[in-house]
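The structure appears right after this line, and notes come after that.
Worth knowing before you read on, the calculation uses all heavy atoms, side chains too, and leaves out hydrogens, waters and symmetry mates.
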Amino acid sequence: MVSLFQWFVKQGKKRTMLQKPTILNIKTVAKSTIFEIQSVDLKFANGTHRTYERFRPGKYASVMVVAIDGEDMLLVREYAMGTERYELGFVKGRMDAGETPEQSANRELQEEIGLGATSWVHLRTINSSVGFMNNPMHILLAQNFYPSKLEGDEPEPLQVVRVPLANINELLHDPEFNEAKNLTALYLLRDYLQRKACVNP
């Protein structure tokens, strides 16, 4: 697969290299048990000064697990405080210190649906809300399961929902399947399955 940068080079085009702004000052302006907000003073190359607010970087890495069992995807239905309703999505959670993405994903699987996995494929690492947050999410495909239950921090048992792989397009339009990161993971899965089908027709 050719990256966008490689495509530019092949076309004889050059990317303009921009000079990053200088960070003049960083201070914490708000803090809770979960979040820390920083105020960051910047000076841009053209002399413009600007103050931005952001979540403190380096604390919010997470995983999302696209679990495939035979011809089914394994999803969970979980209450989301932001939308105040139950949402359908893939297993996900914050990484603990010292964990690899695979270790974190396997722990989350065991906590949320009572299964561990032995086969892993890294689909992609993404970032959302890059204007004020550095929160990498590692999206992994999991297969080959074994029963294993770990105690999680969910306030109630999560409902496990099986969705056939054949229904990917329907899931893309399901109003309960609404979070952008879940949609990204589903598109990545669809592309992965299409590439795999081309290699093994």
Side-chain angles (χ1 to χ4, degrees), residues 1-8 15 18 20 34-38 40 52-69 73-83 85-113 117 119-143 152-154 158 161 163 165 167-198:
M1 181 179 293
V2 177
S3 72
L4 187 58
F5 177 76
Q6 291 169 326
W7 181 86
F8 269 93
R15 280 187 170 182
L18 300 175
K20 290 171 62 176
I34 301 175
F35 302 114
E36 181 177 337
I37 308 298
Q38 295 180 331
V40 183
Y52 290 92
E53 289 186 352
R54 69 179 185 188
F55 289 96
R56 179 184 173 187
K59 295 182 65 177
Y60 305 106
S62 60
V63 292
M64 179 171 282
V65 188
V66 181
I68 305 299
D69 185 26
M73 297 173 281
L74 302 180
L75 293 90
V76 294
R77 186 173 281 113
E78 182 177 12
Y79 184 75
M81 185 65 254
T83 57
R85 68 177 194 174
Y86 282 89
E87 302 273 359
L88 187 63
F90 295 112
V91 168
K92 62 184 180 299
R94 185 178 294 183
M95 292 180 63
D96 288 343
E99 285 184 328
T100 66
E102 290 78 11
Q103 289 170 336
S104 179
N106 205 35
R107 174 180 53 75
E108 290 292 342
L109 269 180
Q110 294 172 77
E111 291 176 358
E112 295 193 9
I113 63 174
S119 177
W120 298 94
V121 176
H122 179 264
L123 295 177
R124 181 155 185 178
T125 298
I126 63 171
N127 240 310
S128 61
S129 306
V130 294
F132 60 90
M133 191 172 189
N134 181 17
N135 58 332
M137 171 175 271
H138 307 286
I139 302 176
L140 297 105
L141 171 68
Q143 292 178 294
D153 58 0
E154 289 76 21
L158 303 184
V161 179
V163 178
L165 285 168
N167 292 2
I168 282 180
N169 288 333
E170 287 83 354
L171 185 59
L172 284 169
H173 299 284
D174 189 318
E176 275 194 351
F177 190 79
N178 194 44
E179 186 179 18
K181 289 177 282 191
N182 281 305
L183 289 164
T184 299
L186 193 58
Y187 280 117
L188 289 170
L189 172 64
R190 190 174 68 174
D191 289 349
Y192 171 82
L193 294 175
Q194 288 173 348
R195 290 196 307 270
K196 193 174 180 182
C198 290

If I compare all heavy atoms of [X] with all of [Y], which pair ends up nearest, and what's the gap?
X	Y	answer
V65	A142	CG1-CB, 3.7 Å
L109	A67	CD2-CB, 4.2 Å
K181	M137	CD-SD, 3.7 Å
E87	E176	OE1-O, 3.0 Å

Any chance you could lay out the side chain to side chain contact (heavy atoms under 4.5 Å, CB included) test for I113 and L158, step after step, and finish with the verdict? CA-CA 7 Å; I113 63 174; L158 303 184; over 6 Å; no
So N182 and L75, side chain to side chain contact (heavy atoms under 4.5 Å, CB included) or not? Walk me through it. CA-CA 10 Å; N182 281 305; L75 293 90; 6.0 Å; no
Listed partners of E111 passing salt bridge (Lys or Arg N to Asp or Glu O under 4.0 Å), at least two apart: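 Partners of E111 under the salt bridge (Lys or Arg N to Asp or Glu O under 4.0 Å) test: R107.
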Using 0.5 Å steps for rounding, measure from the [atom1] atom of [X] to the [atom2] atom of [Y].
X	Y	atom1	atom2	value
E108	L140	CD	CG	12.0 Å
R85	E78	CZ	CD	13.5 Å
L88	N178	CG	CG	10.5 Å
N106	Q110	CG	CD	4.5 Å
Y86	R77	OH	CZ	10.0 Å
Y192	I139	OH	CD1	14.5 Å

Would you mind reporting whether [Y] and [X] have side-chain heavy atoms less than 4.5 Å apart?
X	Y	answer
V91	L74	no
R190	N169	yes
F177	L186	yes

Candidate pair V163 and D174, rule side chain to side chain contact (heavy atoms under 4.5 Å, CB included), full reasoning: CA-CA 12 Å; V163 178; D174 189 318; over 6 Å; no
Answer yes or no: are there more than 12 heavy-atom neighbours, outside Y187 itself, under 6.0 Å from its atom OH?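 No, not enclosed.
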For a quick check under 3.5 Å, do E99 and S104 share a side-chain donor-acceptor pair by atom type?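 Yes, S104 and E99 have a side-chain donor paired with an acceptor closer than 3.5 Å.
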Pairs under 3.5 angstrom only: tabulate donor-acceptor contacts from the side chains of residues 120-129 to other protein residues two or more places apart or in another chain.
from, atom 1, to, atom 2, distance (Å)
W120, NE1, A117, O, 3.4
H122, NE2, T125, OG1, 2.8
T125, OG1, H138, ND1, 2.8
N127, OD1, N135, N, 2.8
N127, ND2, N134, OD1, 3.2
S128, OG, N135, ND2, 3.2

Run M73 and L189 through side chain to side chain contact (heavy atoms under 4.5 Å, CB included) and show every step you take. CA-CA 10 Å; M73 297 173 281; L189 172 64; 3.7 Å; yes
